[in-house]
Amino acid sequence: MTEFQSALDVVVDTLEQMRAGGGRRPRASRSAIEALLANRATSPEAEFTAPADTGIGSPSQAERLAPIRARVLVCTRCPHLAASRTQTVFGTGNPDADLMFIGEAPGADEDAQGEPFVGRAGQLLTKIIETMGFARDDVYIANVLKCRPDMPVGVSGNRPPTLDEMQTCLPYLAEQIDVVQPKVLVALGATAVEGLLGTRGTMRDLRGKWHSHHETPLMITYHPSYLLRNQSPAEKRKVWEDMLLVLERLGRPISEKQRRYFL
Ligand code: SF4
């Protein structure tokens, strides 16, 4: 059986389970539909099977991410999250980026829009990225978890993902990192670090120094939502100092204005 047929079986099974359960209607974001359409090829086998790496006509990073995105789109490894999500939130940005940001999980805004970091914390992350001298589309942004952690019916807000949920979803992020092959990873917040490295620590101990994730340099810093809760200039400056280390590691020029900057 080809990978395409396997994926199609999963889609059909999922839709039949949804219909039998009489629950939510399946929904897909515009970006998810566009990703699937972009992945359509003339032969079914071509859709989900990467061509042999001959060096000539090898698939681009975007082409290699497409089948991973397609598998995530119909994933039901966490049945409770598959049942509660509006849609999966795969990742966004440049598939060939030097710099990749990793958060913990989608929140309500991300679940609604199908893109990571689009709420208030996302706007602050975009500001950080732009102050570093990048456009948001220059970097790659993903979460450890691809589905919004479920909340009790009638309860608003977000909850952090459990370690079990993150470990279940982590293989997808590992595949994304393997395709993008960034020069530097930035993990945002202690929960993302726990999901990525399997270790729990305080941000005071973790941030501001270099770690390694499968030999890729990893900088750990505060999640933007922490800065929204804690408006202290000193805390904001810590994040910016972490980003200055990232710029140095990437060999990017740093202006005097950037060095003096406070978020
Ligand atoms: S969180 Fe990840 S592993 Fe769990 S259902 Fe969603 S995509 Fe699948």
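As the structure lists them, so they are numbered: ligands from 1, and atoms in each ligand from 1. Model, not experiment: these values are computed from the prediction.
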Under 4.0 Å from a heavy atom of [X]: give me the atoms of ligand 1 that qualify, with their elements.
X: C75; result: 3 (S), 5 (S), 7 (S), 8 (Fe)
X: L145; result: 1 (S)
X: K146; result: 7 (S)

Roughly how far apart are [X] [atom1] and [Y] [atom2], rounded to 0.5 Å?
X: R71; Y: K146; atom1: CZ; atom2: NZ; result: 11.5 Å
X: F117; Y: I128; atom1: CZ; atom2: CD1; result: 9.5 Å
X: E248; Y: M243; atom1: CD; atom2: CE; result: 12.0 Å
X: L81; Y: L145; atom1: CG; atom2: CG; result: 6.0 Å

Pick one of side chain, backbone, both or neither for how A82 approaches ligand 1, counting any non-hydrogen atom pair under 4.0 Å.
neither
With respect to atom 2 (Fe) of ligand 1, please indicate if C78 possesses an N, O or S atom at a distance under 2.8 Å.
no
Starting from atom 2 (Fe) of ligand 1, which protein heavy atom do you reach first, and at what distance in Å?
C169 SG, 2.3 Å
Tell me: protein heavy atom nearest atom 6 (Fe) of ligand 1, and distance?
C147 SG, 2.3 Å
Can T126 and R136 be counted as having a side-chain donor-acceptor contact under 3.5 angstrom?
yes
Has the side chain of E130 got a donor or acceptor atom that lies under 3.5 Å from a matching backbone atom of K127?
no
